[in-house]
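This report refers to the structure that appears directly beneath it.
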Amino acid sequence: DTEVTQTPKHLVMGMTNKKSLKCEQHMGHRAMYWYKQKAKKPPELMFVYSYEKLSINESVPSRFSPECPNSSLLNLHLHALQPEDSALYLCASSQDMLAGGAAFGREQFFGPGTRLTVL
Amino acid sequence: TQLLEQSPQFLSIQEGENLTVYCNSSSVFSSLQWYRQEPGEGPVLLVTVVTGGEVKKLKRLTFQFGDARKDSSLHITAAQPGDTGLYLCAGARNTGFQKLVFGTGTRLLVSP
């Protein structure tokens, strides 16, 4: 299985709603990532989990709350979002960063994304 | 700031034409990846280059990593409408290795 899956595909929410995005991979990868991508722009890194621990938070507002319940799952909890948070949210995973063959360990495999619209 | 500049930003060509996309930086990268992304979908990894001067071929796509590992190019021969998409290069550094530095992107449109 070489896929990263994300649910839902599309999400529309109001500014007072609480919702969650889910990501799953079964490639045995130990690093997982959340990115935000605006139209016609490259992905922007939000969070990195390594061995189920948060290792990077790119100064993301607290209305975004990541969670890594186990090595295969990654969630992004959303609360009190703003319309400008509307974007494509991408999950990615990569191999064990600490193993040998580090160059290929950094290859990131992306899910199909969740298109989020905040009204 | 570690920037990867891609050129051109946008390219519109006819089916059968050849094209080259460039990815340039003043920084050295330990490896560099190329992705293609279609609208509303996630980026799909095409190739990873690791060694300076390395050339990799994937059917009609040829990828090259610069000798100094600061730049890369993607050449497409006889482009097809299915090649349409956003092409992204992304570099990995030896430090801060969990972060990929993404290029600015090249949007390719191949018309029949």
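In this text, all values refer to a predicted model and were calculated from it rather than measured experimentally. Sequence lines set the chain letters: A, B, ... in the order given, protein chains first and strands last, and positions in each chain run from 1. No hydrogens, no waters, no symmetry mates; every other heavy atom, side chains included, goes into these values.
Chosen from Gln6(B), Glu41(B), Glu38(B), the residue pairing most often with chain A at heavy-atom distances under 4.5 Å is Glu41(B). Interface remark: of the candidates Ala92(A), Pro112(A), Ala39(A), Gly113(A), Pro112(A) forms the most heavy-atom pairs closer than 4.5 Å to chain B.
What you find for Pro112(B) and Glu15(B) is that their closest heavy atoms are CA-OE1, 3.4 Å.
Heavy atoms closer than 4.5 Å to chain A are found in the side chain of Gln37(B), but not in its backbone. Of the two parts of Glu58(A), only the side chain, counted from C-beta on, holds a non-hydrogen atom closer than 4.5 Å to a non-hydrogen atom of chain B. Using a 4.5 Å cut-off between heavy atoms, Lys40(A) touches chain B through backbone and side chain atoms alike. Only the side chain of Gln37(A) comes within contact range of chain B, judged by heavy atoms closer than 4.5 Å.
Residues His29(A) and Ser94(A) have side chains that never bring a donor and an acceptor to within less than 3.5 angstrom of each other.
More than 12 heavy-atom neighbours from other residues, nucleotides or ligands sit within 6.0 angstrom of NZ on Lys38(A).
Between Tyr35(B) and Phe110(A), a ring centre-to-centre spacing shorter than 6.0 Å is recorded.
Between Lys56(B) and Glu54(B) there is a salt bridge, with a side-chain nitrogen of the basic residue lying less than 4.0 Å from a carboxylate oxygen of the acidic one.
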